[in-house]
Structure formats: C-alpha cells, structure tokens
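A quick note: this is a predicted structure, and the numbers were derived from the prediction, not measured. Below, all heavy atoms of this structure are taken into account, side chains as well, without hydrogens, waters or symmetry copies. Residue numbers start from 1 in every chain, and the chains themselves are labelled A, B, ... in the order their sequence lines are given, proteins ahead of strands.
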Protein chains: 2
Amino acid sequence: MAIPRAAKTLRRTRIQEEKEEQILEAALDVFSVSGFRGSTIDQIADVAGMSKPNLLYYFRTKEAMHRALIDRVLYNWLEPLRAFDAEGNPESEIRSYIRRKLEMARDFPRESRLFANEMLQGAPHVLDMLKGPLKELVDEKAAVIRAWANSGKIAHCDPYHLIFSIWSTTQHYADFDVQVRAVLGEEHSGDGRFEDAARFLEQLFINGLLPEHARG
Amino acid sequence: MAIPRAAKTLRRTRIQEEKEEQILEAALDVFSVSGFRGSTIDQIADVAGMSKPNLLYYFRTKEAMHRALIDRVLYNWLEPLRAFDAEGNPESEIRSYIRRKLEMARDFPRESRLFANEMLQGAPHVLDMLKGPLKELVDEKAAVIRAWANSGKIAHCDPYHLIFSIWSTTQHYADFDVQVRAVLGEEHSGDGRFEDAARFLEQLFINGLLPEHARG
DNA sequence: GGATAATTTGACCGATTGGTAAACATTACA
DNA sequence: TGTAATGTTTACCAATCGGTCAAATTATCC
C-alpha cells in the first residue's frame with residue numbers, strides 16, 4: 001500500500017530524485033513558454049514522458065510543481081548580483097556583471113522566461129521574495145554603487161535604475177529572443193550575436209557611467 | 001433573423017463600434033496578464049460585462065479577438081520608432097525616443113505586456129510582422145544611426161543592439177512593473193519614478209554614445 | 001405601428017482541464 | 001525469497017474550456 005505522500009519527504013529514494021528532476025525539467029520547458037495559467041499538467045507529463053497521475057504522484061498539484069520549480073531556479077538566478085563586489089574596481093565589476101547576466105540569458109533562457117512570465121502576471125507566486133530578499137540584495141548593491149559615485153569612481157546616477165537597466169538589457173536577449181532573431185535575421189544567431197551584444201552593452205554602460213571629470 | 005456574421009463588415013452600426021471597443025478593451029486587460037493560452041473567453045466576457053455568446057457574436061473565436069486586438073495595438077506601438085528622424089540632431093533624437101518609449105510604458109503598460117507575452121510564447125501570431133515590417137523599419141533606422149556614427153556625431157556602436165537596449169530598458173518599466181515597485185518600495189511610484197528613470201536613461205545613453213573625440 | 005434586421009441570452013455540446021481512486025507492478029531489504 | 005514500501009497505470013470525476021443554437025429581445029426604418 002502506498003504511503004501518504006506527506007511521508008515522502010522523510011526519506012528520498014533514487015527514483016524520486018530522478019523523476020522529480022525529470023518533471024521539473026519538463027515543467028520548465030512548458031511554464032517558461034505559456035506561463036502558469038496557460039500550461040497544462042498533460043503538456044508537462046507529455047514532455048516528461050510519463051503519465052499524468054504519475055506526475056501527480058510526485059507533485060500533488062500544478063501549483064506545487066510551479067513552486068518547486070521557482071524555488072529551485074531562484075537561487076542561481078540571483079547569483080550574478082550576489083557576486084557583484086564592493087571591493088572590486090567599478091569598471092571591471094560592471095563589465096563582468098553584464099557578462100554574467102548575458103551568459104545566463106544565453107545559457108538559461110527558459111529560466112529567464114519563467115520569471116518574465118511570472119512578472120507579467122503580477123508575480124503572484126514570488127511577490128514576497130521580491131519585496132524581501134531581492135529588495136534587500138538590491139538595496140545592498142545600490143549602496144555600493146552610490147559609494148562609487150560619491151567617491152568619483154563613476155558618474156553620479158540612480159543606482160536602482162542602473163541595476164534595472166542591466167537586468168532589462170541582458171534578459172531581453174532571452175525573453176525577446178524571437179524578436180531579436182527576426183530583426184537581425186537568422187544568420188546573426190549563435191555566438192556572434194552574443195559577442196556583439198556584450199561588446200555593445202559594455203561600451204554603453206562603461207562610457208555611460210564614466211565619471212564627470214573623465215569627460216571632455 | 002440574424003444576418004450571417006460575414007455580412008457584418010458591410011455596414012458597421014453604432015452598437016457594433018461600441019461593443020467591439022468594449023470587448024477589445026476587456027481583452028487587453030486579460031490577454032496582457034495571462035497571455036493567449038492562459039486567458040479564457042469567460043474571463044473576458046466577465047470584464048467586458050457581457051455574456052459569452054454575445055462576445056462571440058462580435059468575434060467568432062478567441063483567436064479572432066486576439067488578432068483584432070494585436071492589429072489595433074500594433075500601429076501605435078511602433079509610432080515612436082517611426083518618428084525617429086534622420087535629419088534631427090542625434091542627441092535630441094535619442095533623448096526624445098527614450099522619452100516617448102518611456103511614456104508609452106507608463107501610459108500603455110497593458111499593450112507592452114501584451115507584446116511581451118506574445119514574445120515569450122515565440123510570437124506565434126506576429127512572427128511575420130516581426131520579420132517583415134518591423135525588420136524593415138529597424139533596418140532603416142539602424143542605417144540612420146550608423147551614418148551618425150560614421151560622421152562622428154555619436155560613438156561607433158552596433159545600431160541594432162542600441163535599439164534593442166532602448167526597447168528593453170523602457171519597456172521594462174511596464175513589463176516588470178511589479179518587480180520595480182517591489183524593489184523601490186511603493187513610496188517611489190507615480191511620476192517621480194518615471195522622472196528618475198527618464199533622467200537615468202537619458203544620461204546613460206547620451207554619455208554612453210558620446211563620440212570618441214568628446215571623451216577625455 | 002409594424003416589419004425587418006440586429007443584438008442578446010440561456011441552455012447546451014463535446015473536448016479538455018486539474019485531480020482522484022484503486023488496482024497493478026516494481027523495488028528495496030530482511 | 002518473501003513482503004512491505006514504493007512507483008505506475010487505467011479508469012474515472014466534476015469543473016471549465018471554446019463554441020453553437022434557437023429563442024427572445026431590442027433597435028431601425030418605412
């Protein structure tokens with residue numbers, strides 16, 4: 001007789017690890033394209049290559065699947081911002097933050113779209129995280145940027161909007177990938193496009209933030 | 001006896017104009033949040049304050065509603081880019097393009113989210129428009145920007161990525177509004193936030209594109 | 001006012017939705 | 001190897017989905 005699913009968490013079997021992994025991978029595929037409401041359990045089961053009830057054996061509801069997926073993806077998503085270092089040199093810190101965010105957009109576009117979908121819907125599942133941990137992290141990094149500006153290392157600017165603009169420009173290449181491809185033409189895809197974007201954005205932000213005394 | 005709906009387009013009555021307007025307004029509300037798949041006709045009918053069959057009297061399918069909505073919204077959406085003037089002065093053209101896009105994000109956030117949703121899903125309903133009219137328009141404006149760079153009026157840069165970055169930074173304030181609000185705190189909403197964003201972005205793009213000879 | 005066209009509604013349809021129950025199959029472990 | 005725990009499947013459910021239909025209502029125009 002099957003044990004009530006609440007007990008499942010007491011000891012995790014090999015099969016549990018594998019199947020949950022498999023399911024979340026499929027869920028990422030589906031949720032990142034259609035959002036929560038637009039995705040169906042059947043779709044996810046299809047992609048995961050298992051039956052719907054089997055899927056529901058591991059995650060009791062669609063909600064639970066979505067929550068598990070977001071939890072698992074969230075931590076890594078904020079890693080680049082966490083790595084942003086107050087002790088470092090502003091130019092190289094900003095440069096490598098842009099690089100890292102751009103690499104994530106290239107290597108984890110589904111994760112980017114998952115969040116974008118969530119934002120468009122008003123962040124019903126992650127609002128607390130935005131107002132809590134995310135805000136705190138951004139506040140901390142904004143203070144760093146402000147200190148750089150005050151000591152003349154970069155131009156005076158609103159650090160929050162600077163962070164927003166790095167987020168938006170880099171994530172754009174994941175979230176609006178279709179549009180970027182349509183406008184540039186298919187020939188400009190792959191690494192060339194990535195390098196062009198990186199070069200442009202670094203130029204934009206580095207020159208855009210050059211301290212006042214460094215301009216003519 | 002009701003006339004076949006195909007004949008409806010021959011002569012449009014007052015009621016038709018009003019109701020179609022009412023429906024598209026409601027559809028914008030719903031589609032912009034949940035995307036095409038995630039939205040239901042019942043939801044839209046609810047918001048529009050009319051019965052589902054009545055709604056389907058004006059638009060025969062959900063698809064038809066969505067198409068009509070996108071058609072209606074598209075033209076205005078590209079207006080700022082169309083207004084981008086080759087004859088003008090680069091700095092003021094870029095400045096006012098940013099302004100205009102930011103105003104649209106502020107005044108028409110639902111329209112912005114409608115497109116964002118469409119992009120995330122791979123643009124199933126507007127791909128031809130992206131590859132056709134949009135690409136042509138962007139190609140044209142990119143040539144203008146390139147000419148400005150070649151004549152030393154602005155720094156050399158990839159004009160396509162410049163356009164992408166203006167799109168993404170400005171639309172971010174509509175599409176990721178929840179996140180922006182969560183991070184800035186509710187007190188920083190309204191026009192103050194808009195002005196801060198405009199100031200920051202103008203600074204970023206104007207300084208970021210300052211021609212090489214104008215830097216120290 | 002009456003005829004006619006346009007609009008609106010309630011009742012309904014088959015397909016799909018999220019989710020369940022229980023029988024069945026497999027695994028882990030003594 | 002036996003058996004209890006774990007995993008999988010088939011069949012199913014009520015609710016919701018996109019959409020139809022015919023009857024009822026309202027607007028238009030002579």
Side-chain angles (χ1 to χ4, degrees), chain A residues 1-27 29-31 33-69 121 124-125, chain B residues 1-27 29-31 33-69 121 124-125:
Chain A
M1 191 188 300
I3 258 182
R5 274 179 289 215
K8 219 185 42 180
T9 47
L10 291 181
R11 235 189 304 160
R12 288 165 59 87
T13 66
R14 194 203 75 232
I15 295 184
Q16 271 171 39
E17 308 262 6
E18 288 175 7
K19 290 296 168 86
E20 287 176 10
E21 165 67 32
Q22 215 178 112
I23 291 168
L24 291 181
E25 172 68 20
D29 257 23
V30 175
F31 281 136
V33 170
S34 306
F36 183 75
R37 284 224 47 182
S39 303
T40 73
I41 301 182
D42 295 82
Q43 257 180 298
I44 297 170
D46 238 38
V47 174
M50 55 179 92
S51 68
K52 176 167 66 172
N54 195 5
L55 209 152
L56 287 164
Y57 172 74
Y58 293 99
F59 297 96
R60 280 143 81 159
T61 63
K62 191 171 126 176
E63 275 270 345
M65 273 183 43
H66 192 256
R67 190 164 34 244
L69 180 59
Q121 281 154 43
H125 305 98
Chain B
M1 193 187 303
I3 258 183
R5 274 179 288 215
K8 218 185 46 180
T9 48
L10 292 181
R11 233 189 305 159
R12 289 166 58 87
T13 65
R14 194 201 76 232
I15 294 185
Q16 271 171 37
E17 308 262 6
E18 288 176 6
K19 290 296 166 89
E20 287 177 11
E21 165 67 32
Q22 214 177 114
I23 291 168
L24 291 181
E25 173 68 20
D29 256 22
V30 176
F31 281 135
V33 171
S34 306
F36 182 75
R37 284 224 46 184
S39 303
T40 72
I41 302 183
D42 294 83
Q43 257 179 298
I44 298 170
D46 241 35
V47 174
M50 56 179 92
S51 67
K52 177 166 63 169
N54 196 6
L55 212 156
L56 287 163
Y57 171 73
Y58 292 100
F59 297 96
R60 279 143 82 160
T61 64
K62 192 171 125 176
E63 275 271 346
M65 271 184 45
H66 191 256
R67 191 164 32 247
L69 180 59
Q121 282 155 41
H125 305 99

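In this structure, E20(A) places its CD atom 11 Å from P of dT8(D), rounding to the nearest Å. As rounded to whole Å, 14 Å separates atom P of dG10(C) from atom CG of L55(B). When rounded to the nearest whole Å, the span between CD1 of I44(B) and C1' of dT16(D) equals 15 Å. The interatomic distance linking M50(A) (CE) with dA25(C) (C1') rounds to 16 Å, in whole Å. At whole-Å resolution of the value, CZ in F59(A) and P in dG7(D) are 13 Å apart. In this structure, NE2 of H66(B) is placed 13 Å from P of dG19(D), rounded to the nearest angstrom.
The aromatic rings of F31(B) and H66(B) sit perpendicular, their planes meeting at an angle over 60°, well past the 30° parallel limit.
Of all non-hydrogen atoms in A68(B) and F59(B), the two that sit nearest each other are CB-CE2, 3.6 Å.
Phosphate contact (OP1/OP2 of dG7(D), side-chain N/O of Y57(A), threshold under 4.0 Å): present. Checking the phosphate oxygens (OP1, OP2) of dT6(D), no side-chain nitrogen or oxygen of Q16(A) falls inside 4.0 Å. Residue S51(B) has a polar side-chain atom (N or O) positioned under 4.0 Å from OP1 or OP2 of dT9(C). An OP1 or OP2 oxygen of dT9(C) is reached within less than 4.0 angstrom by a side-chain nitrogen or oxygen of N54(B).
The structure places CD of Q121(A) at 9.0 Å from CZ of F36(A), a figure rounded to the nearest 0.5 Å. To the nearest 0.5 angstrom, K19(A) atom NZ is 13.5 Å from L24(A) atom CG. Put simply, OH on Y58(A) and CE on M65(A) are 13.5 Å apart, with the number rounded to the nearest 0.5 Å.
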Please list, for nucleotides 26-28 of chain C, all pairs of protein and nucleotide N/O atoms separated by less than 3.5 Å.
residue	atom	partner	partner atom	Å
dA28(C)	OP1	R14(A)	NH1	3.0

What pairs of nitrogen or oxygen atoms, one from the protein and one from nucleotides 17-19 of chain C, lie under 3.5 Å apart?
residue	atom	partner	partner atom	Å
dG18(C)	OP1	S39(A)	O	3.2
dG18(C)	OP1	K62(A)	NZ	3.1
dG18(C)	OP2	I41(A)	N	3.0
dG18(C)	N7	K52(A)	NZ	3.0
dG19(C)	OP2	K62(A)	N	2.8
dG19(C)	O6	K52(A)	NZ	3.4

For residues 41-56 of chain A, dump all side-chain donor-acceptor pairs below 3.5 Å to protein atoms at least two apart in sequence or in another chain.
residue	atom	partner	partner atom	Å
Q43(A)	OE1	T40(A)	N	3.1
Q43(A)	OE1	R37(B)	NH1	3.2
S51(A)	OG	N54(A)	N	3.3

